[in-house]
Amino acid sequence: MTDQFSKSKVALAVTGGIAAYKAIEVLRALQRAGCDVRVAMTRHACEFVTPLTFRALSGSYVIVDDYAPDNPDPIAHITFSQTIDLFVIAPATANTLAKLANGVADDFLTSTYLACTAPVLVAPAMNTTMWQHPATQRNIEKLRNDGVHIIDPDAGEMACGTIGPGRLSEPDRIVSRALEILQRNGPHTSSSTTDDDDLRAERILITAGATREAIDPVRFISNRSSGRTGFALAEVAQRRGAKVVIVAGVTTATPPAEVELVTVNSAEEMHQTVLERASESTVFIAAAAVADYKPKQSAATKIKKSEATLKLELERTADILGEVAARRREGQLLIGFAAETDDVIANAQAKLTSKNLDMIVANDVSRNDIGFDSNDNAVTILVRDGSPPIELPRASKTRIAEQILDEIVKLRQRTKKAKTA
Ligand code: CTP
């Protein structure tokens, strides 16, 4: 990744909100990817983090006020904006969004935006009520129409104690999106571009998260899946034009805001829901960690600890992916995941064949640094049509999702060609 982005010049603008400190993580991760990053701040941002912090980390003068006597460049907003491949604004306050949407250019950041011909990526962060206000939503809509890339804020507990959408999206999601834009656009030419929609012809059904198998009304068997991988696939696929439905079990990650979501609890509920929805889909991605066994009987009342030992008899759950494969529609692509602790590739290869899949994504769940409960993953993709295995080195789950979807696009192109040949 470092080589790929080593010539990319990114401007990172920080505005005045409590999430300003998270811009430090954005800066560091962009640098780790190889980007050359320069930072600008609004005056209010300096109330939260000092320009010195960003100067020390970026190694460059941080522009707050282009009229400042120590600013080395007299027309900084022009030089700054026209020598970059991407302009990232994170966090962006409601006030900054309003100014950008209306072409107000009363400080360095907003004048740079107007003078900028590179793609612009904006990550808003603010109190939930401010985010949901019609004025803010109008401004977001205007910016989207102007070709600006927006990363919707996450839902969660805010600094002010309220719960709802408004929290700055995770830095690794912002950086993945930034790298995706850089990758798609290559070195910047003068016209601004929007996201590719190479998945627009697809309807993608994705399972995510863990299932819960009831032992009694208060106890269950489950696993550590967070749902992050399925959610990342859904978010990226929808952004690339696909119509996406997620069937999620129990998750700890935040689902993407604008994707249709059906929530279920048990493997059997997931099984029923998937069978109802699978025939509408052109691609099925089974990213859920479905329980393979469930208690043969779930007690109607809470089990009391009367005996020294308790025996639970378990029985197999339905193999959801296997059943979708058995009823496969013409042209439907089926993608599975194989979470393995040993003989990762051989086991995944065996599943690819036995389940009659088009592609399987294998990951080594014995590693602590990736996989379950982690933001990162490293996987190997095996494809049934005999193309060589594709190793995706450790990266954020969003980045891995982008690469898995790239492979799905390639596979679709190969199957279409094979059909017409
Ligand atoms: N899967 C499913 N329904 C199940 C179990 C798994 O759809 N009841 C899907 C998973 O979402 C994943 C793939 O099948 O895409 C995993 O295959 P599986 O053979 O079930 O893997 P493991 O559960 O890891 O199997 P094993 O324990 O035999 O390794």
Side-chain angles (χ1 to χ4, degrees), residues 204-214 220-234 237 244-251 253 262-279 281 283-296 314-328 332-367 370-373 377 379-384 392 397 400-401 404-405 407-408 411:
I204 307 186
L205 180 65
I206 302 176
T207 62
T211 63
R212 275 186 184 176
E213 310 308 322
F220 52 79
I221 299 174
S222 192
N223 61 64
R224 288 167 50 202
S225 172
S226 64
R228 265 192 212 112
T229 297
F231 289 166
L233 283 161
V244 181
V245 177
I246 309 170
V247 180
V250 179
T251 56
V262 184
T263 50
V264 295
N265 244 296
S266 64
E268 188 44 34
E269 280 172 45
M270 186 174 276
H271 174 219
Q272 291 305 332
T273 310
V274 166
L275 290 190
E276 277 161 28
R277 308 295 299 251
S279 63
S281 69
V283 179
F284 175 53
I285 307 179
V290 186
D292 289 323
Y293 290 92
K294 64 175 180 182
K296 202 162 179 186
L314 304 179
E315 64 181 5
R316 288 286 298 270
T317 55
D319 181 349
I320 303 171
L321 181 53
E323 284 200 26
V324 176
R327 303 156 189 224
R328 183 199 287 259
Q332 193 176 34
L333 296 178
L334 304 182
I335 323 300
F337 277 74
E340 307 289 345
T341 53
D342 44 64
D343 289 336
V344 177
I345 302 303
N347 282 330
Q349 184 68 52
K351 274 178 200 169
L352 177 70
T353 316
S354 69
K355 292 199 181 213
N356 190 20
L357 307 179
D358 298 288
M359 182 187 284
I360 196 153
V361 182
N363 70 321
D364 182 347
V365 282
S366 65
R367 284 175 59 178
I370 54 168
F372 282 136
D373 276 346
N377 211 348
V379 301
T380 304
I381 299 180
L382 305 177
V383 188
R384 194 177 166 81
L392 304 182
K397 287 187 174 170
I400 296 282
I404 292 171
L405 291 163
E407 295 308 320
I408 294 176
L411 182 60

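In each ligand, atom 1 is the first atom listed, and ligand 1 is the first ligand listed. Since the model is a prediction, treat every value here as computed from it, not as a measurement.
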**OP:** Run the numbers on Thr229 and Ile400 for side chain to side chain contact (heavy atoms under 4.5 Å, CB included), then give the verdict.
**Re:** CA-CA 8 Å; Thr229 297; Ile400 296 282; over 6 Å; no
**OP:** Give a yes or no answer on whether the side chain of Thr317 reaches the backbone of Asp292 with a donor-acceptor pair at less than 3.5 Å.
**Re:** yes
Subject >> CA sep, side-chain torsions, deciding dist, call: Leu233, Leu405, side chain to side chain contact (heavy atoms under 4.5 Å, CB included) >> reply: CA-CA 8 Å; Leu233 283 161; Leu405 291 163; 4.1 Å; yes
**OP:** Give the minimum heavy-atom separation between Arg328 and Leu333, together with the two atoms involved.
**Re:** NH1-CA, 4.5 Å
Subject >> Residue Thr317 vicinity, atoms of ligand 1 by number, heavy atom under 4.0 Å >> reply: 8 (N)
Subject >> ligand 1 atoms in contact with Gly336 (distance to a heavy atom under 4.0 Å) >> reply: 15 (O)
Subject >> Gap separating the CD atom of Glu340 from the CG atom of Asn347, nearest 0.5 angstrom >> reply: 4.0 Å
**OP:** Could you check which of Leu334, Thr341, Asp292 puts a non-hydrogen atom nearest to atom 23 (O) of ligand 1?
**Re:** Asp292
Original post:
Does ligand 1 have any atom that is closer than 4.0 Å to a heavy atom of Lys355?
Top reply: yes
Original post:
Given Gly230, Ala288, Ala325, Ala286, which has its nearest heavy atom closest to atom 15 (O) of ligand 1?
Top reply: Ala286
Subject >> ligand 1 versus Asp319: contacting region, heavy-atom distance under 4.0 Å >> reply: both
Original post:
So which bit of Ala318 gets within less than 4.0 Å of ligand 1, heavy atoms only: side chain, backbone, both or neither?
Top reply: backbone
Original post:
Would you say ligand 1 has an N or O under 3.5 Å from any N or O of Phe337?
Top reply: yes
**OP:** Taking only Lys NZ, Arg NE, NH1 and NH2, and the carboxylate oxygens of Asp or Glu, determine whether Lys296 and Glu213 approach each other closer than 4.0 Å.
**Re:** no
**OP:** Look up atom CD1 in Ile360 and atom CZ in Arg384, then write down how far apart they are to the nearest 0.5 Å.
**Re:** 11.0 Å
Original post:
Taking both backbone and side-chain atoms of Ile320, is any N or O found less than 3.5 Å from an N or O belonging to ligand 1?
Top reply: yes
Original post:
So, Glu276 and Gln272: side-chain donor and acceptor under 3.5 Å apart, yes or no?
Top reply: no
**OP:** Quick one: look up the protein heavy atom nearest atom 21 (O) of ligand 1 and list residue, atom name and how far away it is.
**Re:** Lys351 NZ, 3.0 Å
**OP:** Before signing off on this row, confirm whether Leu321 and ligand 1 have an N or O atom pair separated by under 3.5 Å.
**Re:** yes
